[in-house]
J.: 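Before anything else, here's the structure in question.
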Amino acid sequence: MEKAEGRNETLVMDFILLGFGNAPELQPPLFLLFLLIYIVTMVGNILIIMLVVVDQHLHSPMYFFLGNLACLEISYTSTILPRLLASLLSGDGTISVKGCLVQNYFFGMIATTENLLLAAMSYDRYLAICNPLRYAALMNGRVCFQLVAGSWVCSFLVVGTLNDFLFPLTFCGSKDIDHFFCEFSSMRKLFCDDTQTLQLALFTVAAIGTLVPLMLTLTSYIYIITAILRISSTTGRQKAFSTCSSHLMVVTIFYMSLMTVYVFPTSNTPKVLHKIFSLFFTVLTPMINPIIYTLRNKEVKESLRKTVLKWVAFRNRHRILKGKV
């Protein structure tokens, strides 16, 4: 095999994702748990997309963003969980270097896109509550499309550019990555080359990509809460707050777990806690989001109720017709 230049260590051609440990007795229950989470996540987010597409009452900017968020959550969980499930099922955590870098790329791109999309959704709620008379003109279909497309394109270009510098690098020494998926902070100790400049660039971009959308979101909600508190009637305040409470819960869960892992990590933090907090924003948040939006949003609940009733009526008619034949 090839040798790393200047170092007496063999080049690494594949990695071993250690996941949640080597205890064989834990693999079957973990497999079933994550399989259930994956199924619930896929069903919940696909249901949100179907409701937004089918129901005319949900053809508004807020639900357009919600449908795109559901697409993003499907992509997010599909980047990580299928590989984790295969590893738990086979007991083999081996992944090629290229496969690991590709997973890291999609993880970074989707995470950055979600940051930007959540900021766009908070701006939408700001316009709806603080500037309701001009909302339809300011947040029209063209603007909605530009915000969503801009989030994806910006993430693709920024993360793609950084990964162009990451792919040519070589790895040597240990093959073990003490995580359940490939992400840069767990891989950086395995580089053969000096990557301090690249690490600084990645940290700077990650900080900007996280903190700037977060500050925009916080600014929007400061104006939103101020506007809600100025409403004289209790009913009016409750109605205004109900339109953004679901999004606020999603933003809080996402950013608290994300910042705990990447913005405020400490060397004394146990690795298992790092993995648990990573689970929150990579696996649990995509599953929880459809539940939050369904349970806390009257329009979505009503749309779901009508869809279920239509489906039951269709099944009954089909059964009756089948019986006559």
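What's counted below: heavy atoms across the whole structure, side chains too, no hydrogens, waters or symmetry copies.
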J.: Evaluate side-chain contact (heavy atoms from CB on, under 4.5 Å) for L69 paired with F65, printing each intermediate quantity in order.
T.: CA-CA 6 Å; L69 180 63; F65 289 124; over 6 Å; no
J.: Checking the side chain of Q103 only, and the main-chain atoms of T79 only, is there a donor and an acceptor separated by less than 3.5 Å?
T.: yes
J.: Out of curiosity, I80 CD1 to S75 OG, how far, rounded to the nearest 0.5 Å?
T.: 11.5 Å
J.: Short question: side chain of R237, backbone of I231 - any donor-acceptor pair under 3.5 Å?
T.: yes
J.: When you compare the side chain of L18 with that of I16, does any pair of heavy atoms fall below 4.5 Å?
T.: yes
J.: Rounded to the nearest 0.5 Å, what separation is found between the CG atom of L118 and the CZ atom of F254?
T.: 6.0 Å
J.: Taking the side chain as C-beta and beyond, is there a heavy-atom pair between I253 and I292 under 4.5 Å?
T.: yes
J.: Is it possible for you to say whether F145 and L116 belong to one hydrophobic cluster, with membership spreading through side-chain heavy-atom contacts below 4.5 Å?
T.: no
J.: Using 0.5 Å steps for rounding, measure from the CZ atom of R125 to the OG atom of S245.
T.: 10.5 Å
J.: Rounded at 0.5 Å granularity, tell me how far CG in L190 sits from OG1 in T170.
T.: 11.0 Å
J.: Does the side chain of L138 reach to within under 4.5 Å of the side chain of V143, using non-hydrogen atoms?
T.: no
J.: Within the side chain of N45, is there an N or O that forms a donor-acceptor pair under 3.5 Å with the backbone of P286?
T.: yes
J.: Take T285 and Y76, measure what side-chain hydrogen bond (donor to acceptor under 3.5 Å, both in side chains) needs, and give me the verdict at the end.
T.: CA-CA 10 Å; T285 300; Y76 215 156; over 6 Å; no
J.: Mind checking the CE-CG spacing from M139 to D124? Nearest 0.5 Å is all I need.
T.: 4.5 Å
J.: Quick one: do F181 and L33 end up in the same hydrophobic cluster if we chain Ile, Leu, Val, Met, Phe, Trp and Tyr together by side-chain heavy atoms under 4.5 Å apart?
T.: yes
J.: At their closest point, which heavy atom of C182 faces which heavy atom of M187, and how far apart are they?
T.: CB-SD, 4.1 Å
J.: Can you find a pair of side-chain heavy atoms, one from L101 and one from Y105, that are under 4.5 Å apart?
T.: no
J.: Does the pair T210 and T112 meet the rule for a side-chain contact (heavy atoms from CB on, under 4.5 Å), with working shown?
T.: CA-CA 7 Å; T210 301; T112 305; over 6 Å; no
J.: Do the side chains of Y123 and I224 join up, straight or via other hydrophobic residues, at under 4.5 Å, putting them in one cluster?
T.: yes
J.: Please test E183 against S186 for side-chain hydrogen bond (donor to acceptor under 3.5 Å, both in side chains), starting from the C-alpha separation and ending with a verdict.
T.: CA-CA 6 Å; E183 49 102 36; S186 298; 2.5 Å; yes
J.: Going only through I, L, V, M, F, W and Y residues with side-chain contacts under 4.5 Å, is there a path from L216 to L218?
T.: no
J.: Atom NE2 of residue position H57 - does it have more than 12 heavy atoms of other residues, nucleotides or ligands inside 6.0 Å?
T.: no
J.: Quick check: do F180 and L279 have side-chain heavy atoms less than 4.5 Å from each other?
T.: yes
J.: Quick one, F64 with N68, criterion side-chain contact (heavy atoms from CB on, under 4.5 Å). Give me CA distance, side-chain angles, the key distance, then yes/no.
T.: CA-CA 6 Å; F64 174 76; N68 279 276; 3.5 Å; yes
J.: Is a donor on one side and an acceptor on the other found under 3.5 Å between the side chain of T77 and the backbone of I74?
T.: no
J.: State whether the side chain of H179 and the backbone N or O of G19 hold a donor-acceptor pair below 3.5 Å, judged by distance alone.
T.: no
J.: Any sub-3.5 Å donor-acceptor pair from T217's side-chain atoms to P213's backbone N or O?
T.: yes
J.: Looking at residues at least two apart in the chain, or sitting in another chain, which of them share a side-chain contact (heavy atoms from CB on, under 4.5 Å) with I222?
T.: T226
J.: Is the shortest side-chain heavy-atom distance between I95 and D14 below 4.5 Å?
T.: no
J.: Ring centres of F34 and F20 under 6.0 Å apart?
T.: yes
J.: Answer whether the closest heavy-atom distance between the side chains of D176 and F15 falls below 4.5 Å.
T.: no
J.: For the residue pair C130 and P132, what are the closest heavy atoms and their distance?
T.: C-CD, 3.5 Å
J.: Can a donor-acceptor pair be found between the side chains of N131 and Y126 at a distance below 3.5 Å?
T.: no
J.: Under 3.5 Å, which donor-acceptor pairs do the side chains of residues 147-168 form with other protein atoms, sequence neighbours left out?
T.:
residue, atom, partner, partner atom, Å
S151, OG, L147, O, 2.8
S155, OG, T113, N, 3.1
S155, OG, T113, OG1, 3.0
S155, OG, S151, O, 2.8
T161, OG1, L157, O, 2.6
N163, ND2, V159, O, 2.9

J.: With a sphere of 6.0 Å drawn around CE of M50, does it hold more than 12 non-hydrogen atoms of other residues, nucleotides or ligands?
T.: no
J.: Once side-chain contact (heavy atoms from CB on, under 4.5 Å) is applied, do any residues pair with T204, and if so which ones, sequence neighbours excluded?
T.: L200, I208
J.: Determine whether M121 and C244 satisfy the following criterion, side-chain contact (heavy atoms from CB on, under 4.5 Å), listing intermediate values before the conclusion.
T.: CA-CA 9 Å; M121 293 174 75; C244 59; over 6 Å; no
J.: Nearest 0.5 angstrom please: E302 CD to E299 CD, how far?
T.: 9.5 Å
J.: How about F191 and F184: are their ring centroids closer than 6.0 Å?
T.: yes
J.: Is there a side-chain contact between L17 and S87, using heavy atoms and a 4.5 Å cut-off?
T.: no
J.: Going by an N to O cut-off under 4.0 Å, is there a salt bridge joining K306 and D55?
T.: no
J.: Do other residues, nucleotides or ligands put more than 12 heavy atoms under 6.0 Å from the OH atom of Y223?
T.: no
J.: Looking at D92 and R83, what are the two nearest heavy atoms and their distance?
T.: O-NH2, 4.0 Å
J.: Write down the atom of I49, the atom of G67, and the distance for their closest heavy-atom approach.
T.: CG1-O, 3.8 Å
J.: Verify the cluster assignment for V54 and L58: are they in a single hydrophobic cluster under the rule of side-chain heavy atoms below 4.5 Å apart?
T.: no
J.: Above 12 or not: heavy atoms from other molecules or residues under 6.0 Å from OH of Y221?
T.: yes
